[in-house]
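For reference, the structure is listed below as C-alpha cells.
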Amino acid sequence: MKIDAITIFPDYFAPMRLSLLGKAQGQGILEINVHDLRAFTTDNHHTVDDTPYGGGAGMVMLPEVWGLAIDSIIEDGATLVVLTPAGKRFTQEMAQELTNSKQLIFACGRYEGIDDRVRQYYSRDEFKERNINVLEVSIGDYVLGGGEVASMVMIEAITRLLPGVLGNPESLSEESHNSEGYLEYPNFTKPQTWREISVPEVLLSGNHGEIAKWRATQAKLRAEKNL
Ligand code: 6GU
C-alpha cells in the first residue's frame, strides 16, 4: 500500500518511521511519503491560506496550492482522505475498507479547513472513472488544530490490518471475533499477586471453557460501563 500525506508540518509525521510501521516500510509492504504543501506554492511568500468569502473568523486553505500538490501524486485507484471534524466518523469498519485502496492520500487541513472546491473537483466523474474516491473523515467529536494527528490515527489503524505488518496476526483474528461490540476482557500476567491484588482464580484453572466464558462476561461488563 502506498500512503501520501500532504501537510504544512511534515515534521509531525516523524513517528511514522518508528516501530511496526517503520519495519513494514523497510520490508516493502508499505510506502509512506510526506509532502510539504508549501513546496507547491507559486508566490514569494509561500502563501497557503486566505480569508473566507462571506466573512467570518479564521483562514481557509487555498484550492490552487492543494490542487497542484494532489495532482503531483494522485494515481488511479486512490482514495483522497480529507481530514475535517465535519467528516464521516472513522471506525474499525472504515479502516478495514480502506485497506483495499491502492493509494491513500491524506489531505491535512489547518485553520478552518480547505476550500470546498478541492473536494468537489476530485469527486468529478473523470476521477470516478479512474477509481479515485474522495472521503471526508473525522476521528471523533472534538476539534483538533489540524488533520495531521487525525491522519496518523487512521494510518496506524489501517496499516496494522495489512498482511505482514502486525507481529502476531492472531491478535487480529481475536479482535474480529470480538467485533460484535465487546472489545476486550481485562488481561493479567506475572506475578500472580501484585500489591495484594490477585489474578482471578479462573485464569489459573486451566479450564479453557470456563476461561472463555469468564472473558466474554468481563468484556460485556466493560462495554456496558463505557456506555
Ligand atoms: Cl479529521 N480534523 C480536525 N481538525 N479535528 C478533528 C478531526 C479532524 N477529527 C476530529 N476532530
Side-chain angles (χ1 to χ4, degrees), residues 1-18 21 30 32-41 46-71 73-74 78-123 127 132-162 179 183 226-227:
M1 173 181 269
K2 191 167 178 185
I3 292 178
D4 292 276
I6 309 170
T7 171
I8 57 168
F9 296 123
D11 291 349
Y12 257 92
F13 290 86
M16 299 290 91
R17 316 234 148 268
L18 302 176
L21 278 189
L30 192 65
I32 303 180
N33 290 300
V34 182
H35 311 269
D36 186 352
L37 183 70
R38 280 195 209 279
F40 297 90
T41 56
H46 304 295
T47 313
V48 295
D49 61 348
D50 208 332
T51 54
Y53 277 116
M59 301 290 268
V60 177
M61 299 189 98
L62 299 166
E64 180 61 18
V65 61
W66 273 104
L68 292 174
I70 295 166
D71 286 347
I73 57 175
I74 198 163
T79 302
L80 174 60
V81 177
V82 180
L83 285 314
T84 162
K88 182 177 174 189
R89 174 74 63 87
F90 183 57
T91 60
Q92 188 65 28
E93 189 186 358
M94 197 193 290
Q96 189 60 249
E97 277 169 20
L98 290 173
T99 61
N100 297 316
S101 210
K102 275 183 59 188
Q103 182 193 26
L104 293 176
I105 302 174
F106 291 93
C108 304
R110 285 257 142 192
Y111 317 110
E112 305 310 308
I114 303 169
D115 187 305
D116 192 57
R117 288 170 293 184
V118 174
R119 177 192 64 77
Q120 292 176 37
Y121 176 78
Y122 293 100
S123 301
F127 290 101
I132 292 169
N133 291 290
V134 182
L135 199 56
E136 287 188 298
V137 182
S138 159
I139 62 160
D141 283 343
Y142 36 79
V143 179
L144 303 169
E148 284 79 7
V149 171
S151 69
M152 283 191 279
V153 166
M154 291 184 66
I155 290 167
E156 186 159 315
I158 294 162
T159 56
R160 66 187 287 284
L161 300 174
L162 298 174
S179 70
L183 245 86
N226 284 321
L227 289 180

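We count ligands from 1, going down the list as the structure has it; atoms in each ligand are counted the same way.
For atom 9 (N) of ligand 1, the nearest non-hydrogen atom of the protein is Ile139 N, 3.0 Å. For atom 5 (N) of ligand 1, the closest non-hydrogen atom of the protein is Leu144 N, 3.0 Å. The protein heavy atom nearest to atom 11 (N) of ligand 1 is Tyr142 O, 2.5 Å.
Under a 4.0 Å criterion applied to the non-hydrogen atoms of Val137, ligand 1 contributes the atoms 1 (Cl). The ligand atoms of ligand 1 that sit less than 4.0 angstrom from a heavy atom of Ser138 are 1 (Cl), 9 (N), 10 (C).
Going from atom CD1 of Ile158 over to atom CD of Gln92 covers 10.0 Å, rounded to the nearest 0.5 Å.
A 4.5 Å side-chain heavy-atom check between Gln120 and Val134 finds every atom pair outside the cut-off.
Compare Pro85, Ala86, Gly140, Gly147 by their heavy atoms: the one nearest to atom 10 (C) of ligand 1 is in Gly140.
The residue from Leu21, Val81, Leu30, Leu98 that alone fulfils the side-chain contact (heavy atoms from CB on, under 4.5 Å) condition with Ile155 is Leu21. None of Leu68, Asp50, Asp115, Val48 except one satisfies the side-chain contact (heavy atoms from CB on, under 4.5 Å) rule with Leu62; the exception is Asp50.
Atom CG of Asp141 has 12 or fewer neighbouring heavy atoms from other residues, nucleotides or ligands inside a 6.0 Å radius. Within a 6.0 Å sphere centred on CD of Gln103, other residues, nucleotides and ligands contribute more than 12 heavy atoms.
The backbone of Thr84, and not its side chain, has at least one atom closer than 4.0 Å to an atom of ligand 1 (non-hydrogen atoms only; backbone = N, CA, C, O).
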